[in-house]
J.: 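Structure below; questions to follow.
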Amino acid sequence: MTISGSSTPGSTLSTILYIEDDPASQTLVKRMLEHLGYRVLVAATGLSGIDLAQECLPDLILMDINLPDLSGREVTTRLRSVEQFKETPIVALTAQGQAVEREKAFAAGLDGYIVKPIDVDALPGRIGEYLAGRRDRVDAETLARGQAAYSREVVERLEAKIRELEASYGQLKKLDNMKEAFIQLTAHELRTPLTLIYGYGRLLQTSPIVTQMMQDSDEISGLIVNLVQAIDRMSAVISEILLISRVASGQTEPVFNIVQVANLVTRVMDDYRLPLEQRRLTIQTELDQAPTTLYADRGLLALALGNLLSNAIKYTPDGGTITIRAVEEDGQAVISVRDTGIGVDPQDHLLIFESFYTANSTHLHSTSKVAFRGGGLGLGLVICKEIVRAHGGKIWVESPGYDEASLPGSTFFMALPLKSRQAGALLLTEVI
Ligand code: ADP
């Protein structure tokens, strides 16, 4: 082993980063070096050590080898790949005294190797030397041996990690399937009694005695109407949960067909004609640049567009305007729903497409799905996202921000690839 550089002690103002997971060693070294005037930072894992080093650019790094995540050797190799750490002295402080460990350490890029137990009298002098420029080196043959052993070790660890990740992924997939099965089972179990309750609700409304009672008493009429509305809502929630669970677990395969874009828009608007009128919302369409047809699952696409329209109704105060637009752009059909409502904060632009995420507190929601800020589970946009994804498309929102006073509005876009339309046209030609 050769030593280069002088052995003058380092500046007491130097910063030393100690990467070590053992609390006793951390305390001992930290106290000792701070007593000598060094600034000492401690990281307990390899990854946090890399982050702290990049944040604080220490003058010297003391490195334990056996760390809980990356090894001290791997941390060193990683740091050496960053320009700022090419010359920083990195010195092992480890209990591993075997020659092979030492050889691998030098192959990984370490400049020195100090074996524990820590010699409190000698350590400050050694640190001073490395700060002043000392770099321990090994001969070429030893280095080559170290490099071979180190490469083998890294590849073996990588293999073990990949196997571990594959096993965890399999486990997670299994749990995810169990979760989906549980959701579907629960929803089905709830639906069975609910169908009965639904039936009784309808019977109540149509029974001559009850109809008479409803006519005679506003209170009874109100109770029954509320009851039936609550049953409808619960039934819709269960359907929503079942649908999202099926779509999310890839159980809803789109059934592709030729879809007339204008017809699709009209059909969806018709479904919401009544609430649009009740809420005095103006609805307009911009379809002059729209593709005539799309190759898509008509039912699923209508559901997605319906969800966007229902949201536009929910988040736009009475008297606002909603615009449904479709254009052909870069081989895609881009369908958008623009509103003059409360808008969406930019920090929520991605989050609202996650399950059960509602951007604003739900206590503000009313129970009706079409009232201003009407009720919702935060599943509508997830359903849209999954439907669009099943069609190979993209969904996103554009909005300057959320403001109930100035009403900046939002526009939700669905971009669906048109190339499948050609496949659809071909199919149609073949059939004809
Ligand atoms: P919800 O059933 O709560 O409406 P969604 O998944 O449809 O669930 O929407 C998630 C959240 O995104 C909503 O709670 C709302 O905060 C926000 N959001 C959706 N559409 C709009 C819109 N057109 N304008 C403003 N905010 C919206």
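One-based numbering, in listed order, for ligands and for the atoms of each. Everything numeric in this text was worked out from a predicted model, so none of it was measured.
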J.: What do we get for Val344 next to ligand 1 when only non-hydrogen atoms under 4.0 Å count, side chain, backbone, both or neither?
T.: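 It is the side chain that gets close, since no backbone atom is under 4.0 Å.
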J.: Distance under 4.0 Å to a non-hydrogen atom of Phe412: what atoms of ligand 1 satisfy this?
T.: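 Answer, ordered by atom number: 19 (C), 20 (N), 21 (C), 22 (C), 23 (N).
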J.: For ligand 1, is Asn307 a contact, meaning one of its heavy atoms is under 4.0 Å away?
T.: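 So Asn307 does not count as touching ligand 1.
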J.: With a 4.0 Å cut-off on heavy atoms, does Tyr402 reach ligand 1?
T.: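 Per 4.0 Å heavy-atom rule, Tyr402 does not contact ligand 1.
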J.: If only atom types and distance count, is the side chain of Asp339 paired as donor or acceptor with the main-chain N or O of Ser410 below 3.5 Å?
T.: yes
J.: For this output row, return yes or no: ring centroids of His391 and Phe256 closer than 6.0 angstrom.
T.: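 Close enough - the centres of the two rings lie under 6.0 Å apart.
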J.: Is it the side chain, the backbone, both or neither of Leu308 that has a heavy atom closer than 4.0 Å to ligand 1?
T.: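 Neither part.
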J.: According to salt bridge (Lys or Arg N to Asp or Glu O under 4.0 Å), who are the partners of Arg389, at least two apart in sequence or on a separate chain?
T.: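 Salt bridge (Lys or Arg N to Asp or Glu O under 4.0 Å) list for Arg389, sorted by chain: Glu386.
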J.: With a 4.0 Å cut-off on heavy atoms, does Ser410 reach ligand 1?
T.: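 So Ser410 counts as touching ligand 1.
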J.: May I ask you to say whether Lys179 pairs ionically with Asp176, meaning some side-chain N is under 4.0 Å from a carboxylate O?
T.: yes
J.: Please list all pairs passing the salt bridge (charged side-chain N to carboxylate O under 4.0 Å, His left out) test where one or both residues lie in residues 195-206, with sequence neighbours left out.
T.: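 Those involving residues 195-206 are Arg202-Asp232.
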J.: Should the pair Phe413 and Trp396 be assigned to parallel (<30°), tilted (30 to 60°) or perpendicular (>60°) ring geometry?
T.: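 Plane angle under 30°, so parallel.
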J.: Decide whether an N or O pair under 3.5 Å exists between Leu381 and ligand 1.
T.: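 Yes; at least one N/O pair falls below 3.5 Å.
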J.: Using a strict 4.0 Å cut-off to heavy atoms of Lys314, name the atoms of ligand 1 that fall inside it.
T.: 1 (P), 2 (O), 4 (O)
J.: Going by the atom numbers of ligand 1, which of them fall below 4.0 Å from some non-hydrogen atom of Gly343?
T.: 25 (C), 26 (N)
